[in-house]
Amino acid sequence: MNLRLAGIGMTSARTRGRLIERLRAEGIVDETVLAAMYEIPRHIFIDEALATRAYDDVSLPIGHGQTISQPYIVARMTEVLRNGKQLGRVLEIGTGCGYQAAVLSKVAKEVYSVERIQPLYERARKTLRELKIYNTNLRYADGTTGLPDAAPYDGIIMACAAPALSAALREQLAVGGRMVLPMGTQEQHLHLIERDEDGFRETRLEAVKFVPLVMGKA
Ligand code: SAH
């Protein structure tokens with residue numbers, strides 16, 4: 001058996017349980033999201049030297065100047081995206097280590113995720129395969145304008161912050177779909193975009209701190 005996976009013993013199950021209780025205390029109520037977060041071993045996505053902090057509710061470095069998002073943020077964005085319903089096809093921009101994609105794979109039928117830094121893309125692919133997650137489709141590409149070839153999406157999540165939402169990306173949202181993204185430069189907030197037959201509705205949610213969206217492949 002793979003050595004890193006062998007680390008998922010009683011201890012990490014208990015530790016993961018504590019993280020779930022913490023997420024509940026912070027206001028996450030969607031049981032489907034909490035179950036998905038319980039199921040995905042976060043320590044597999046980060047460097048072994050940081051593994052002891054894997055179940056703390058903090059973001060951690062993953063190399064190349066990027067971070068794995070804070071568990072609360074992953075849970076919150078997934079909860080807002082789901083809105084209590086099973087998701088069909090979902091797009092994530094900014095795969096990073098693949099943790100959010102793994103959580104999404106448990107609550108959506110299929111997940112597309114785009115990353116502009118090649119070594120991160122490759123590592124994420126390997127990790128998701130190790131975890132036997134087969135409904136994710138990762139792409140090494142610039143996600144600034146989304147991923148038109150698999151559009152429309154029932155849900156879109158951005159894991160990096162842009163000053164504004166591009167019209168091209170917005171158009172890839174299906175009617176009835178929801179998009180959750182951080183926006184802003186100095187100060188960022190999560191925004192929810194909902195699309196219905198009449199158009200788009202935008203709601204500003206809480207303040208957040210994400211790495212910036214960068215154009216072009218690295
Ligand atoms: N989803 C990750 C968070 C990764 S951090 C998690 O589960 O923890 C955000 C990622 O967005 C970084 O890896 C960064 O390289 C990527 N990114 C930034 N701009 C991008 C772009 N234009 N296209 C694709 N990925 C981008």
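Computed from heavy atoms alone, side chains included, the values below leave out hydrogens, waters and symmetry copies. In each ligand, atom 1 is the first atom listed, and ligand 1 is the first ligand listed.
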Find all atoms of ligand 1 within a distance of less than 4.0 Å from any non-hydrogen atom belonging to [X], and give their numbers and elements.
X      : result
Gly143 : 21 (C), 22 (N), 23 (N), 24 (C)
Ala141 : 23 (N), 24 (C)
Val114 : 24 (C), 25 (N)
Leu120 : 13 (O)
Val211 : 5 (S), 9 (C)
Pro212 : 18 (C)
Ile68  : 8 (O)
Tyr99  : 7 (O)

Heavy atom of the protein closest to [atom] (residue, atom name, distance):
atom                    : result
atom 11 (O) of ligand 1 : Gly94 CA, 3.1 Å
atom 4 (C) of ligand 1  : Thr67 O, 3.4 Å
atom 21 (C) of ligand 1 : Val214 O, 3.5 Å
atom 9 (C) of ligand 1  : Ala159 O, 3.3 Å

From atom 8 (O) of ligand 1, work out which of Ala161, Ser69, Ser59, Ser113 has a heavy atom at the shortest distance.
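Heavy atom nearest to atom 8 (O) of ligand 1 belongs to Ser69.
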Where the closest heavy atom to atom 16 (C) of ligand 1 is concerned, which of Met215, Arg116, Glu115, Met77 has it?
Glu115
For ligand 1, the portion of [X] having any non-hydrogen atom under 4.0 Å away:
X      : result
His64  : neither
Cys160 : side chain
Leu213 : both
Gln100 : both

I'd like a table of donor-acceptor pairs (distance under 3.5 Å, sequence neighbours excluded) in which one partner is a side-chain atom from residues 143-152, with atom names and distances.
residue: Thr144; atom: OG1; partner: Asp142; partner atom: OD1; Å: 2.5
residue: Thr144; atom: OG1; partner: Asp142; partner atom: OD2; Å: 3.3
residue: Asp149; atom: OD2; partner: Arg139; partner atom: NH1; Å: 2.8

Cys97 versus ligand 1: do any nitrogen or oxygen atoms come within less than 3.5 Å of each other?
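No, since none of the N or O atoms of Cys97 sits under 3.5 Å from an N or O of ligand 1.
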Any N or O on Gly216 sitting closer than 3.5 Å to an N or O of ligand 1?
no
Do the side-chain N and O atoms of Thr67 and Ser59 include a donor-acceptor pair separated by under 3.5 angstrom?
no
Hey, are the side chains of His191 and Leu165 touching, using non-hydrogen atoms and a 4.5 Å cut-off?
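No, their side chains stay 4.5 Å or more apart.
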Donor-acceptor under 3.5 Å ([X] side chain, [Y] main chain):
X      : Y      : value
Glu115 : Gly96  : yes
Arg201 : Glu194 : no
Asp154 : Gly177 : no

[Y] reachable from [X] in the ILVMFWY side-chain graph, under 4.5 Å edges:
X      : Y      : value
Leu91  : Leu138 : no
Met37  : Ile46  : yes
Val211 : Val114 : no
Met179 : Val107 : no
Leu87  : Leu128 : yes

Ring pair (Phe, Tyr, Trp, His ring centres under 6.0 Å) partners for Tyr99, two or more places apart:
Phe45
Is the closest heavy-atom distance from Lys217 to ligand 1 below 4.0 Å?
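Flag not set, Lys217 not near ligand 1.
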